[in-house]
Undergrad: 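To start, I am sharing the structure in question, which I have written as structure tokens.
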Amino acid sequence: MTVAVIERYHDRLPVSDATPVVSLGEGSTPLIAAPRLSESLGVELFLKLESMNPTSSFKDRGMTVAVSKALEAGAEAVICASTGNTAASAATYAARGGLRAVILQPAGAVALGKLAQARAVGAVVLEVMGSFDQALGAARELAERGTHALVNSLNPHRLEGQKTLAFELVEELGELPDVVALPYGGGGNTRAVGLGFEELGAGMPRVVAGQAADRAATVATAIRIADPVHRKEADAVVARSEGKVVTLSDDEILAAWRELARHEGVFCEPSSAASVAALRHAPEIAGGRVVCVITGHGLKDPRVVEQETAPPIQVDADPDAIAEAADRAA
Ligand SMILES: *Cc1c(COP(=O)(O)O)cnc(C)c1O
């Protein structure tokens, strides 16, 4: 059986033998070489496929800890304000743990695949008439009343679970990488990765965090966060590591998204491609062994494919017509 995050790193997480473990086999994700991108970037590039977690994003690493701790504390329900991967993960782990999940979705901004996941596992999805911040404020108040456990990234157990990414990278490479590149939305993952490396005490790779130039409206919905909750700590991790926060246009992010898909066969969310885009944008910081964290799966956001690729071509069921159409499209 897969050894999941809490079992694999029991001693380094805030759990005890009394903690009821809610798990779907998260973590232990593939680390694969990226030979074509390595060549074009002039580095030895590896991709950590966090998109292969149970709900197809890295959020599961933190959610297994957050939901296990909520169950241990006697919560009956979890709550979060999100339209995205946090909602998909929270809803799924709640279902697994026998808890109710309440998802507050700010009116308007919906990512198709992610919301489908939350609905499929039976979460209550409420569309809040207000901003994200107002929805989060209401969720925090319910959490304070003790009825609902808040599993937004403010939940400290999420960071604890997410730090295990750093442990895995060092175990799998057999040494510290020179650079770790990842997307920078709210900054929780940047902060967690820094925490993981610092706990290992073997030094810190340069942390390169790719953020969208237009944080409020980027095509990369998972990093569409105007005001990052963890900015202070995430920026501090990047500074301590002698890395860099790289600001990227949507064109740069989409170009990297296409490269990952077409040159390496890795279909990810646009936000995940901010890692590769950041290396392209700041080649001075990229060197040696580099790991890009592929944070979420491409199927989460099928609308981007619709917008960025050619539609299917209609053709008669005739071999000559098919061969001709295929040649023309190539
Ligand atoms: C949550 C998420 C991010 C952003 O992570 P932060 O911790 O908010 O910086 C990036 N990519 C994907 C796919 C995500 O789900």
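Counting starts at 1 for both ligands and their atoms, in listed order.
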Undergrad: Can you tell if the side chain of H10 reaches within under 4.5 Å of the side chain of V15, non-hydrogen atoms only?
TA: yes
Undergrad: Per the salt bridge (Lys or Arg N to Asp or Glu O under 4.0 Å) rule, which among K59, K114, K300 passes with E269?
TA: K114
Undergrad: Is there a donor-acceptor pair closer than 3.5 Å between any side-chain N or O of T218 and the backbone N or O of A212?
TA: no
Undergrad: Can you confirm whether the side chains of N189 and Q162 place a donor and an acceptor under 3.5 Å from each other?
TA: yes
Undergrad: Sequence neighbours excluded, which residues qualify as salt bridge (Lys or Arg N to Asp or Glu O under 4.0 Å) partners of E168?
TA: R8, K48, R61
Undergrad: Compile the protein residues with any heavy atom at a distance under 4.0 Å from an atom of ligand 1; present them by chain, then by number.
TA: F58, K59, N85, P183, Y184, G185, G186, G187, G188, N189, A222, I223, E269, S271, T295, G296
Undergrad: Does the side chain of L176 come within less than 4.5 Å of F197's, by heavy atoms?
TA: yes
